[in-house]
Amino acid sequence: MPENKPKITIGLPIFNGEKFIRSRLENILSQTFQDFEIIIYDNSNDSTPKICREYAQNDDRIDYVHENKRSGWIQGFVNVMKKARCEFFVVAAVDDL
């Protein structure tokens, strides 16, 4: 049976985004269009990982990846693109509310 893929992948590379991540995720999740997945790629050493895990546990559309090694924003963008399963891809910034 074919896999049921969402229409859009939203890539969210983050580094120490604890100040914004809840608002950003709530903003994305509250959209009227709901056929998407969110891939979070995180290198944070603040409370961002805890917050992201909480959201990922409560919403199947969220895939959370945490790496301890800081790789930079560009590599985070590349990493979320590699995990995308959808026809369309958009990158989101954690502080773009």
Side-chain angles (χ1 to χ4, degrees):
M1 180 171 281
E3 182 182 350
N4 196 9
K5 295 190 298 188
K7 192 84 163 164
I8 299 172
T9 295
I10 301 169
L12 189 56
I14 303 175
F15 177 72
N16 289 349
E18 68 184 0
K19 183 176 177 182
F20 301 105
I21 188 60
R22 283 188 194 280
S23 295
R24 185 59 174 133
L25 288 172
E26 289 297 329
N27 176 265
I28 294 169
L29 294 170
S30 70
Q31 300 300 308
T32 54
F33 183 83
Q34 292 286 304
D35 191 14
F36 59 80
E37 68 178 356
I38 301 171
I39 300 174
I40 302 171
Y41 184 81
D42 175 35
N43 300 125
S44 299
N45 55 22
D46 61 0
S47 67
T48 301
K50 179 179 183 257
I51 296 165
C52 290
R53 283 187 194 99
E54 171 190 319
Y55 274 85
Q57 287 175 352
N58 292 317
D59 195 313
D60 292 348
R61 296 171 296 174
I62 300 174
D63 182 9
Y64 175 65
V65 178
H66 182 267
E67 289 194 14
N68 290 325
K69 180 183 170 205
R70 185 156 185 232
S71 57
W73 192 89
I74 297 296
Q75 188 59 47
F77 174 77
V78 169
N79 290 336
V80 294
M81 280 191 67
K82 285 180 182 177
K83 288 187 66 71
R85 304 178 301 137
C86 305
E87 181 179 357
F88 301 103
F89 177 84
V90 63
V91 68
V94 70
D95 60 350
D96 185 10
L97 304 177

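The shown structure was predicted, so the numbers you read here are calculated from the model rather than taken from an experiment.
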- Task: Enter the distance from Lys19:NZ to Asp46:CG here, rounded to the nearest 0.5 Å.
- Result: 12.0 Å

- Message: How long is the straight-line distance from CG of Asp96 back to CZ of Arg24, given to the nearest 0.5 Å?
- Response: 5.0 Å

- Item | Axial cation check for Tyr64 ring with Arg53, 6.0 Å and 45° limits | no

- Task: Measure the spacing between OH of Tyr55 and CD1 of Ile62 and express it to the nearest 0.5 Å.
- Result: 8.0 Å

- Message: Between Thr48 (side chain only) and Gly17 (backbone N and O only), is there a donor and an acceptor less than 3.5 Å apart?
- Response: yes

- Query: For the hydrophobic clusters of this structure (ILVMFWY residues joined by side-chain heavy atoms under 4.5 Å, transitively), does one cluster hold both Ile8 and Leu25?
  - Reply: yes

- Query: Can any side-chain N or O of Asn45 pair as donor or acceptor with the backbone N or O of Asn16 at less than 3.5 Å?
  - Reply: no

- With a cut-off of 6.0 Å (strictly less than), are more than 12 heavy atoms of other residues, nucleotides or ligands near CG of Asp35? yes

- Query: Ile40 and Phe20: same hydrophobic cluster, using ILVMFWY side-chain contacts below 4.5 Å?
  - Reply: yes

- Under 4.5 Å between side-chain heavy atoms, hopping through other hydrophobics if needed: is there a path connecting Ile39 to Met81? yes

- Item | Minimum-distance pair of heavy atoms, taken over all atoms of Cys86 and Pro6 | SG-O, 3.2 Å

- Item | Beyond-backbone contact of Ile21 with Leu12, side-chain heavy atoms, under 4.5 angstrom | yes

- Query: Applying the salt bridge (Lys or Arg N to Asp or Glu O under 4.0 Å) test to Glu37, which of Arg85, Lys7, Arg61 qualifies?
  - Reply: Arg85

- Which pair of heavy atoms, one from Ile28 and one from Ala92, lies closest together, and at what distance? CD1-CB, 4.5 Å

- What pair of heavy atoms forms the shortest contact from Glu18 to Ser47, and how long is it? OE1-OG, 2.6 Å

- Item | Within-4.5 Å side-chain heavy-atom neighbours: Val80 and Phe89 | yes

- With Ile38, the side chain to side chain contact (heavy atoms under 4.5 Å, CB included) member among Leu29, Asp63, Asp59: Leu29

- Do Gln34 and Phe36 come close enough that some side-chain heavy atom pair is under 4.5 Å? yes

- With a 4.5 Å heavy-atom cut-off, do Ser44 and Ile14 have their side chains touching? yes

- How long is the gap from CG on Asp42 to CD1 on Ile51, to the nearest 0.5 Å? 10.0 Å

